[in-house]
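All ligand and atom numbering here is 1-based and tracks the order in the structure. Sequential numbering from 1 along the given sequence is applied to the chain's residues.
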Amino acid sequence: MIVSSWTIACLLALPVLVRAAPVTRNVLEKVHDSRQGAVIYELGEISYLANALYPKAVLNGTTIQSSPDFSPIAVIVANETTITGSYLESTIASYLAGDDVFSNDFLASLYLTSAVGKATIDRSGVDYLRSLELESLYLDSSVFGCKQLSNTKTYAVAGVSAENLPAGPYTAVTQDGALSLLSTYRLYRDEYRTFITGAYPTGNGEDSFTPLGYMDPRWWNPMIPVPSRIHYWNDSRPLAGVRVAIKDLFDMNGMQTSAGSQAWIRVTPIANSTAPAIQRLVDLGAALVGKYKLAQFASGANPWDWVDEQYPFNPRGDGYLTCSASSSGGGCSVAAYEWLDNAIGSDTGSSMRRPAAGLINLEGALPLSWSQDTAGVFGRDPLQWVKFAKAWYTPELHQEPNITGLTPLVVPDNNKFPKRIRYLTDYLPLANPAAEEILQDVLGKMTALFNMTVENMNLTSTVIGANIYPEKPANVSNWVYPRSRGNSYDQYTSVVRPLKTAWAALSGGRFPPVDPQWRSFVRMNDTQLDREEYNAGLRLKNQTVSWFEKEMLYETEDSCSESMFICDIGTGGLPSFREEDLNQGRNASFLAVRPPYAAITCANICPSFACADYTIPLGQVEYQSPVTFFPEKYPVTINMIVRRGCDFVLFNMIEKMAKAGILTTVKTGREAF
Ligand SMILES: *[C@@H]1O[C@H](CO)[C@@H](O)[C@H](O)[C@H]1NC(C)=O
Ligand SMILES: *[C@@H]1O[C@H](CO)[C@@H](O)[C@H](O)[C@H]1NC(C)=O
Ligand SMILES: *[C@@H]1O[C@H](CO)[C@@H](O)[C@H](O)[C@H]1NC(C)=O
Ligand SMILES: *[C@@H]1O[C@H](CO)[C@@H](O)[C@H](O)[C@H]1NC(C)=O
Ligand SMILES: *[C@@H]1O[C@H](CO)[C@@H](O)[C@H](O)[C@H]1NC(C)=O
Ligand SMILES: *[C@@H]1O[C@H](CO)[C@@H](O)[C@H](O)[C@H]1NC(C)=O
Ligand SMILES: *[C@@H]1O[C@H](CO)[C@@H](O)[C@H](O)[C@H]1NC(C)=O
Ligand SMILES: *[C@@H]1O[C@H](CO)[C@@H](O)[C@H](O)[C@H]1NC(C)=O
Ligand SMILES: *[C@@H]1O[C@H](CO)[C@@H](O)[C@H](O)[C@H]1NC(C)=O
Ligand SMILES: *[C@@H]1O[C@H](CO)[C@@H](O)[C@H](O)[C@H]1NC(C)=O
Ligand SMILES: *[C@@H]1O[C@H](CO)[C@@H](O)[C@H](O)[C@H]1NC(C)=O
């Protein structure tokens, strides 16, 4: 270090300006120091986590002395060669406005560097820095010649390039001769109890995650760590900084996969790799913030049948509404939290809804049915949701035809929209007339925007009357029965058999405790398996889908999918509750109700026919709550279904509808609109 050059041209001699009121900040109060090196502290009312085990950066500075204290610190990466007061002021203002992690409390200390090489701080900049009353100012010695600021401890430090240290809030800790900057996360309380655990990147360079073993003891809520948005402002990856929750069915390296079962946890090691579909999110820049609750092994269990876990709470309406089926923690978390952007879920027979069969690799996820499982994303903003889905679904991760039993997927991205809407009379109109009114309004706007027509169709009678299998009458059992046998084959061989075998070895031959809908499965044995029947089921599925894509949703010169189906996997605009008894009567509904004359539920159309099915929120209706005894609001959704592989064309339609104001971003909290 060339100490002699430090004092020149440093405006040391400037008189200290007369200032307004002294700066007040919350001081750090340490709450918890975990064995994994996670330091949890509070600044005022807000909790933070700092990763002390693997610092984000270590900067050398000869005069730095050791201190046991952790301290909040802001990092600014300048892009000007002359740093003025107004530049610093507007930079900090943009941090405060654009990020929920950063706060004025982080201006306790400041590290200033530059992405454009040598820079100087002009007089207005010096005045501004003084006005901050910093505890310490750290200046990158490769950038600044000026090394001292009167009345402020100033250190010249070296050791990290601007691109390896994104701007924003950090936690500082000092040792003799070094400043460590720790990755810092704001901790949010999961007040609707939608998560199993929060998680953050371990930071050891191995793409692994550390579960956050910390909860709010007053409210029994898991705490969820979210990174600063500022860190990603210069990151051009499509999902940079997008905060995502993951269904606890997918492996994340370093974390236990529970599948919603205590027994499964006991017999399964901590995952040592991340499922490819989830790793892709990481590669695209997404910030995975934790794993959320699911119905055990992704079954479609009702809320009152969740035994191992407590069913998550829904922020909408009276707070006692269902979150729907297996991906419920994800749906309700996205509905609840502004600090969360998206959640990844999966769908087999009805959950979050699904892309076309085969669109994304499901290795590293527990299967319900290898041939029918799909994965999708929940979001609030239709444009952001489309961008997310298009970035995520990539041909590299399409499934092999030997998994789906179908030809390889082709997924065009064009505007060859459907010409007709087929309004499925098996499932429509919606049971609640106020909800149907909303649907009709949207259909009217869609037909105008896309020059489409609406036609009624009874899918059940169409299928029954069709000649799907040349050698057999096309009765419902033909296309539903083998499929459900296929499901139980996969569930048994991939989940139940390994679970009960390992459990028996641990417990003197006992069967594992599982939620009610799995009890008969754990009693199953290999003699009940029929691989031939399973293969026959796959062949039948292929025939079913071939027929469907020839006669129902088919491709033409002008349309990826000549028509689109409209139907409802929900509850017809009637509320459905987490408490069984509240669903009795005409003013409420159970989930997954099959109309008596329909062969299958709407939710089973695409699992049977491999098509793409997305649930789109349209509006809300009022209901009289049997919980709050107040009028509350219930969201109305509809399902849009297109031919297998037309997912991106449907996304383009949704984007166009959003731009035309037909679809809007849903709000978080009690009311969606
Ligand atoms: C983005 O990069 C520019 C330099 O190109 C830098 O000045 C700016 O501070 C960076 N922003 C963030 C948030 O890192
Ligand atoms: C520095 O960044 C700001 C805000 O991002 C931008 O408006 C400005 O043009 C940048 N200046 C240079 C020299 O790149
Ligand atoms: C920082 O200091 C350590 C120990 O003194 C040294 O090994 C390291 O090379 C230094 N790093 C830089 C970037 O100066
Ligand atoms: C990862 O875990 C699997 C399954 O438990 C195991 O077979 C494999 O050896 C592990 N790999 C490594 C690198 O530890
Ligand atoms: C499917 O085919 C791929 C090669 O294309 C092979 O690696 C994989 O093991 C096959 N999977 C099954 C379930 O047969
Ligand atoms: C059904 O299988 C045949 C033979 O493998 C294949 O040519 C056909 O495309 C498949 N049908 C569908 C809908 O994928
Ligand atoms: C709308 O569609 C009809 C066919 O259904 C077609 O005859 C007409 O030209 C289309 N109008 C526009 C403006 O594209
Ligand atoms: C649809 O078709 C089924 C089977 O033919 C019939 O039972 C049912 O009444 C029809 N539903 C409607 C709404 O037309
Ligand atoms: C429907 O198909 C199943 C399975 O192939 C068969 O057992 C049943 O007899 C058929 N029912 C009718 C009404 O054709
Ligand atoms: C397998 O299940 C069948 C039907 O429940 C039962 O009859 C049989 O005894 C079981 N076999 C074994 C080995 O448990
Ligand atoms: C349904 O709600 C209406 C309006 O709130 C009420 O008048 C009616 O009694 C309710 N019916 C039942 C079966 O709860």
*Short check: is a protein heavy atom less than 4.0 Å from atom 11 (N) of ligand 7?*
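It does: a protein heavy atom is found less than 4.0 Å away from atom 11 (N) of ligand 7.
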
*Any protein heavy atom under 4.0 Å from atom 14 (O) of ligand 6?*
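Given the 4.0 Å limit, the answer for atom 14 (O) of ligand 6 is yes, a protein heavy atom qualifies.
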
Tell me, which protein residue and heavy-atom name are nearest [atom], and how many Å apart are they?
atom: atom 5 (O) of ligand 8; result: S461 CB, 3.3 Å
atom: atom 3 (C) of ligand 6; result: N542 ND2, 3.5 Å
atom: atom 2 (O) of ligand 8; result: N458 ND2, 2.3 Å
atom: atom 7 (O) of ligand 6; result: T407 CG2, 4.2 Å

_With a 4.0 Å cut-off on N to O distance, would you call E549 and R644 a salt bridge?_
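No, no charged N to carboxylate O under 4.0 Å.
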
_What I want to find out is whether R670 reaches E632 closely enough, with some N-O distance under 4.0 Å, to be called a salt bridge._
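Answer for the salt bridge query: yes.
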
*With only distance considered, is S546 within less than 3.5 Å of ligand 6 through an N or O on each side?*
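In this structure, S546 places an N or O atom under 3.5 Å from an N or O of ligand 6.
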
Kindly compute the distance separating [atom1] ([X]) from [atom2] ([Y]), expressed to the nearest 0.5 Å.
X: M564; Y: D613; atom1: CE; atom2: CG; result: 10.0 Å
X: K419; Y: T556; atom1: NZ; atom2: OG1; result: 7.0 Å
X: L650; Y: C611; atom1: CG; atom2: SG; result: 11.0 Å
X: S561; Y: I641; atom1: OG; atom2: CD1; result: 10.0 Å
X: Y427; Y: T460; atom1: OH; atom2: OG1; result: 5.0 Å

*With atoms numbered from 1 as shown, which atoms in ligand 8 lie under 4.0 angstrom from a non-hydrogen atom of Y597?*
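Those atoms are 7 (O), 8 (C), 11 (N).
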
*For T425, atoms of ligand 8 separated by under 4.0 Å from a heavy atom*: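 Listed by number with element: 13 (C).
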
_Atoms of ligand 6, numbered as shown, that sit under 4.0 Å from any heavy atom of L406_ =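 Checking each atom against L406, I get 12 (C), 13 (C), 14 (O).
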
*Under 3.5 Å: N/O of N451 near N/O of ligand 7*: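 N451 vs ligand 7: N/O contact under 3.5 Å present.
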
*Step through it carefully: locate the ring centre of W385, locate the ring centre of F651, and say whether they are under 6.0 Å apart.*
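Yes, the ring centres sit under 6.0 Å apart.
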
_Tell me whether I464 reaches ligand 8 (any heavy atom closer than 4.0 angstrom to a ligand atom)._
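For ligand 8, residue contact (heavy atoms, under 4.0 Å) with I464 is absent.
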
_Under 3.5 Å: N/O of T460 near N/O of ligand 8_ =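 Between T460 and ligand 8 (N or O atoms, distance only) the closest approach is not under 3.5 Å.
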
_Under 3.5 Å, is there a donor on one side chain and an acceptor on the other for T274 and N253?_
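Their side chains do not contain a donor-acceptor pair, so the 3.5 Å distance test is not met.
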
